[in-house]
**Student:** 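Right, I'll just put the structure down here and ask away after.
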Amino acid sequence: RFPLPAHQHNVILNHMEQSMGQAAVSFSWKEPIGLAFEKTKEKIWFLLGVLAVAYLVQIAPEMLAAVLLIPEESSARFFFSLISWILSVYMSAGILRIMLRVVRGEETRVEDLFADPKLIPHYLVASLLYGLIIFAGFLLLIVPGVVWSIKYGMFGYFLVERKAGIMDSFRQSAALTYGAKWQLFALALATMGIVLLGLLAFFVGVFFALPLVSLANAYAYILLSRTAVMEAVPESAPATPETAVLTEEIATPEQPKEN
C-alpha cells in the first residue's frame, strides 16, 4: 500500500461528498443480491461462524442472568439486559466491518468482530438516534418512517469504515442514498422476501438468507459509493498511485469466483 497524504485524502473525500449529493445514481437492486448470492455460496461457513459468534456474545449476559436465577423484574436483570443490548450494537458494527471486507475480497477473521472498541459509544448513540428518527417517522403516517429509514440507513458504514462523526454519518448516508431510495426500497423488500422464504423452508433456509442479506446491504453501499468515487478525484488532484489505491479500496467489490 502507498501512504496517502492527509491533505490529498481530505480533497478526495470532500469531492466524494459533493458528488454523492448529485441525483440519479446507476444502481439496480438486483445487482447486490446477485453478487451476495454468489459470495454467500463461496463463504457460507465463515459467514455463519461470524453470525453465530456475534449472537452468542450478545446473549451471553442474559444467559448468565438466567443461570444466576436473577428475577425478571429486578434492577439487576435490567443491568444484564442493558449489557446485552450494548453488546448487540457492538456486534452489529463488527458484522458491518467483516461484510465490507468480504465484499472487497480482503482477508478477515472472526476476531474482527471485536476490532475498534472505541467505536462503541458513537455507534450506540447513532443507533439510538436512528431508532428515534424511524419512530418519529412512523408516527407521521408511516411513509416518512420508511423514507427516513432508507435515507439514513447507511450511517453505520460511515461510522465503521470512514470514522465519521455521529451527525456526519447521517449526513453522508443521506447524500449517498439521494436518488436511489426506490432502488433501496426494492432491495429491502427483496431481502425481506428472501428471509421469509428461508423461514418457510423449515427454518433451514434462514441460515443462508441471513448472511446473504448482510452481504447484499454491504454490496449496495459499495455500489452506491462507486459512482461518487469515480467523480471524487478532481482535475486539480494529480493522478498518483495513492489516489488510485484509495478509490480502489473504497469502491471496488470483489467479483465472486466462477465455479
Side-chain angles (χ1 to χ4, degrees), residues 1 4 9 12-13 16-17 20 25 27 29 31-54 57 88-120 122-123 126-127 130 150 152-166 168-170 172-173 175-177 180 184 187-188 191 209-230 232 244-257:
R1 299 291 183 185
L4 188 66
H9 184 276
I12 292 174
L13 291 185
M16 282 180 61
E17 292 175 12
M20 281 192 296
V25 296
F27 175 79
W29 64 269
E31 188 175 4
I33 289 180
L35 291 168
F37 181 81
E38 295 300 326
K39 183 64 73 172
T40 303
K41 289 194 300 182
E42 179 186 336
K43 298 282 189 179
I44 183 63
W45 295 114
F46 171 73
L47 295 171
L48 286 177
V50 168
L51 295 180
V53 170
V57 168
S88 70
V89 173
Y90 183 35
M91 289 298 98
S92 296
I95 290 171
L96 290 187
R97 181 183 301 106
I98 287 178
M99 295 302 167
L100 284 173
R101 291 179 179 176
V102 169
V103 162
R104 293 197 175 106
E106 299 173 356
E107 182 179 352
T108 186
R109 302 174 299 171
V110 175
E111 291 88 337
D112 291 329
L113 278 171
F114 308 96
D116 198 9
K118 295 179 181 179
L119 182 64
I120 296 178
H122 292 84
Y123 208 93
S127 297
Y130 181 69
I150 295 171
Y152 300 116
M154 297 286 183
F155 78 91
Y157 294 104
F158 291 98
L159 284 173
V160 169
E161 182 176 47
R162 302 187 192 174
K163 310 302 180 187
I166 294 171
D168 196 41
S169 69
F170 283 90
Q172 292 188 53
S173 177
L176 185 66
T177 57
L184 290 170
L187 176 62
T191 53
L210 290 179
L212 188 153
V213 168
S214 295
L215 281 177
N217 290 326
Y219 270 114
Y221 165 76
I222 294 295
L223 293 170
L224 284 173
S225 298
R226 182 174 59 188
T227 301
V229 172
M230 293 305 119
V245 167
L246 180 64
T247 54
E248 180 181 359
E249 285 183 345
I250 293 177
T252 308
E254 183 192 45
Q255 295 299 316
K257 298 178 182 177

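This chain uses plain numbering: 1 for the first residue, then up along the sequence.
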**Student:** As an exercise, state the distance from CD1 of Ile95 to CG of Asn217, rounded to the nearest 0.5 Å.
**Tutor:** 11.5 Å
**Student:** Which pair of non-hydrogen atoms, one from Leu159 and one from Gly165, has the smallest distance, and what is that distance?
**Tutor:** CD2-O, 3.9 Å
**Student:** Let me confirm one number: the OH-OG distance from Tyr221 to Ser173, rounded to the nearest 0.5 Å.
**Tutor:** 10.0 Å
**Student:** Would you give the length of the straight line joining atom CD of Glu161 to atom OG of Ser225, rounded to the nearest 0.5 angstrom?
**Tutor:**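 The distance works out to 7.0 Å.
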**Student:** May I have the step-by-step check of side chain to side chain contact (heavy atoms under 4.5 Å, CB included) for Arg101 and Asp112, ending in yes or no?
**Tutor:** CA-CA 10 Å; Arg101 291 179 179 176; Asp112 291 329; 3.0 Å; yes
**Student:** Of the non-hydrogen atoms in Ala36 and Ala216, which two are nearest, and what is the gap between them?
**Tutor:**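 Residues Ala36 and Ala216, closest heavy atoms: CB-N, 3.5 Å.
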**Student:** May I ask you to test the Thr40-Phe37 pair for a side-chain heavy-atom distance under 4.5 Å?
**Tutor:**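 Not touching, per the 4.5 Å side-chain cut-off.
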**Student:** Are Val103 and Lys39 packed together at the side-chain level, in the sense that at least one heavy-atom pair is separated by less than 4.5 angstrom?
**Tutor:** no
**Student:** Within the 4.5 Å heavy-atom criterion, are Tyr90 and Val57 side-chain neighbours or not?
**Tutor:**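 They are not in contact (no side-chain heavy atoms under 4.5 Å apart), so the answer is no.
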**Student:** Can you list the steps and then say if Tyr157 with Leu100 is a side chain to side chain contact (heavy atoms under 4.5 Å, CB included)?
**Tutor:** CA-CA 9 Å; Tyr157 294 104; Leu100 284 173; 3.8 Å; yes
**Student:** Find the distance between CE (Met154) and OG (Ser169) and round it off to the nearest 0.5 Å.
**Tutor:**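 Met154 atom CE to Ser169 atom OG measures 13.0 Å (nearest 0.5 Å).
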**Student:** Nearest 0.5 Å, please: how far is CD1 in Ile44 from CG in Leu48?
**Tutor:** 4.0 Å
**Student:** Under 4.0 Å between a Lys/Arg side-chain N and an Asp/Glu carboxylate O for Arg162 and Asp168?
**Tutor:**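 Asp168 and Arg162: not salt-bridged.
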**Student:** Taking the side chain as C-beta and beyond, is there a heavy-atom pair between Glu31 and Leu35 under 4.5 Å?
**Tutor:** yes
**Student:** Could you report the tightest heavy-atom contact between Leu184 and Ala220, atom names first, then the distance?
**Tutor:** CD2-CB, 4.3 Å
**Student:** Anything under 30° is parallel, anything over 60° is perpendicular, the rest tilted; go ahead and classify Tyr123 against Phe155.
**Tutor:** tilted
**Student:** Roughly how far, to the nearest 0.5 Å, is the CG atom of Leu210 from the CG atom of Leu47?
**Tutor:**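 Those atoms lie 11.0 Å apart.
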**Student:** Taking side-chain contact (heavy atoms from CB on, under 4.5 Å) as the criterion, tell me which of Leu113, Leu119, Thr108 meets it with Arg97.
**Tutor:**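 Only one of Leu113, Leu119, Thr108 forms a side-chain contact (heavy atoms from CB on, under 4.5 Å) with Arg97, namely Leu119.
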**Student:** Any chance CD of Glu107 has more than 12 other-residue heavy atoms, nucleotides or ligands included, within less than 6.0 Å?
**Tutor:**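 No, CD of Glu107 has 12 or fewer neighbouring heavy atoms, counting only those of other groups under 6.0 Å.
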**Student:** Is there side-chain contact between Val89 and Ile120, with at least one heavy-atom pair below 4.5 Å?
**Tutor:** no
**Student:** Can you confirm whether or not the ring centre of Tyr130 sits under 6.0 Å from the ring centre of Tyr152?
**Tutor:** no
**Student:** For a 4.5 angstrom cut-off between non-hydrogen side-chain atoms, does Ile98 reach Phe46?
**Tutor:** yes
